[in-house]
Structures are given as C-alpha cells and as structure tokens.
Amino acid sequence: MNTGVDLVDVGEVADALEHFGERYLRRIHRAEELTGHDGRSPARRAQHFAGRFAAKEAVFKALHYPSDRALPWTDIQIISTPGGWPGVVLHDRARGWATSQGISQVELSITHDRTMAMAFAVAV
C-alpha cells in the first residue's frame, strides 16, 4: 500500500483558467472530466479544478511512478462515483504501471476551501 498527498493553491488555478482557459484544462483533464462544470462561478470552478489537480498529483505519488519518466496528466482520470465520492480511473501508462506494481485500486479523498485544495490517495 502506497500513499500520496498534494496541496494546491486555488488562486494559481484561477489564474491559469483566466490566462489559458480551455487549453489549460485540456492539457490536464480528459474530455469526460470537463463536462458539467461550465455553469459554476469562476471561483467555484477554480476550487473544483484545483481539487482535481491535487487529486491527480496525489495519485501520481501513490503510484510511485518514476519521477524521471513522463506520465500524461490525462492518464489519471478523476471521476465522481454514483454516491458522489471521488474515484480514480487509470488509463494507458498509469494503468500499465499500476498493473506491473500489483496495484488493483486507488482510493481518493479531496477537500477544498476558497484558497486551498488538498487530496489524499491510497494505492492498494
């Protein structure tokens, strides 16, 4: 079992959204992760995506993926489960790495407020 945690400044994500918009989001998130968030206020949208970015970082750390090898952010998908809890779906290189390491699932928790977002992941 491996763990990972990450903390993200919501203001930095808000700045990236303002300056780079959808290009920033598409670099980090899969198309499925971007649907249904357009109606949120800019502040709530920044909080949401800061939490999701922290989650991807936490999952990357929990996977113990080699830091000297590239892993596209889109290989880690953060979902909302039917019960509303965050979940993880691994794709491509992330899935291959997890399988090679005997990791069968990744558990995730995300929290945020107006200024910071944090996520904690456990790879089992």
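This one's a predicted model, so the numbers in the text were calculated from it and none came from an experiment.
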**Q** Looking only at non-hydrogen atoms, find the nearest pair between D6 and A54 and report the distance.
**A** CB-O, 3.5 Å
**Q** Does D75 offer a backbone N or O that forms a donor-acceptor pair with the side chain of D92 under 3.5 Å?
**A** no
**Q** Any donor and acceptor pair, going by atom type alone, linking the side chain of R52 with main-chain N or O of I28 inside 3.5 Å?
**A** no
**Q** Could you tell me whether a side-chain N or O of Q77 sits under 3.5 Å from a main-chain N or O of E33, the two making a donor and an acceptor?
**A** no
**Q** Which residue in the set V8, I78, L108 passes side-chain contact (heavy atoms from CB on, under 4.5 Å) when paired with K56?
**A** I78
**Q** What's the shortest heavy-atom distance between T74 and H91, and which atoms?
**A** O-CD2, 4.1 Å
**Q** Got T3 and V122 here, is their nearest side-chain heavy-atom distance under 4.5 Å?
**A** yes
**Q** Taking all non-hydrogen atoms of both residues, which atom of A46 and which atom of V13 are closest, and how far apart?
**A** O-CG1, 3.8 Å
**Q** Locate the shortest heavy-atom distance separating V106 from A121; write the atom from each residue and the value.
**A** CG1-CB, 4.2 Å
**Q** State, with a plain yes or no, whether a side-chain heavy atom of F120 is found less than 4.5 Å away from one of T111.
**A** no
**Q** Which atom pair, heavy atoms only, marks the closest approach of N2 to A62?
**A** CB-O, 2.9 Å
**Q** Do you know which two heavy atoms are closest between G51 and A117, and how far apart they sit?
**A** N-CB, 3.5 Å
**Q** Side chains of E57 and W73, heavy atoms from C-beta outward: is any pair under 4.5 Å?
**A** yes
**Q** Using a 4.5 Å cut-off on heavy atoms from C-beta on, say whether the side chain of L63 contacts that of L90.
**A** yes
**Q** Charged N to carboxylate O under 4.0 angstrom, R45 versus E22?
**A** yes
**Q** Using a 4.5 Å cut-off on heavy atoms from C-beta on, say whether the side chain of Y65 contacts that of R93.
**A** yes
